Amino acid sequence: MVGAKTAGIEPGAPWENRYCKSFNARFRDELLNGEIFYGLREAQIPIEKWLRR
């Protein structure tokens, strides 16, 4: 046996997952940086629209 192990992402470490990192960066750049939300209810509609496009 060589001693090789499977590589995994630690729970709670999305910065180690390139897909999560890419999504978070696009979400922030395309939506969150251009809006000010004062509550979750106010943010729901624009976020849902962004996710569906």
Side-chain angles (χ1 to χ4, degrees):
M1 192 158 208
V2 180
K5 298 179 184 176
T6 58
I9 298 170
E10 290 184 37
W15 53 87
E16 293 183 19
N17 184 329
R18 65 181 176 184
Y19 299 107
C20 285
K21 189 174 179 180
S22 175
F23 171 81
N24 289 338
R26 283 187 52 224
F27 185 61
R28 184 177 49 255
D29 290 345
E30 296 177 13
L31 181 68
L32 298 181
N33 284 344
E35 300 285 338
I36 296 175
F37 301 113
Y38 295 102
L40 182 58
R41 292 297 259 172
E42 185 180 355
Q44 270 182 313
I45 293 171
I47 290 171
E48 287 175 5
K49 284 182 182 178
W50 187 86
L51 289 171
R52 289 188 184 136
R53 54 176 199 100

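Just so it is clear, the structure is predicted and the values come from calculations on it, not from any experiment.
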*Gap separating the CG atom of N24 from the CZ atom of R26, nearest 0.5 angstrom*: 11.0 Å

_Heavy-atom pair with the smallest gap, counting every atom of P46 and F37_ = CG-CE2, 3.8 Å

*Do E42 side-chain atoms and Y38 backbone N/O form a donor-acceptor pair below 3.5 Å?*
yes

*By ring pair (Phe, Tyr, Trp, His ring centres under 6.0 Å), which residues pair with F27, not counting sequence neighbours?*
F23, W50

*Hydrophobic cluster identity match, L51 and L32, side-chain contacts under 4.5 Å*: yes

*Approximate separation, where rounding is to 0.5 Å, of R52 CZ and I47 CD1*: 12.0 Å

_Applying salt bridge (Lys or Arg N to Asp or Glu O under 4.0 Å), can you list everything that pairs with R28, at least two apart in sequence or on another chain?_
none

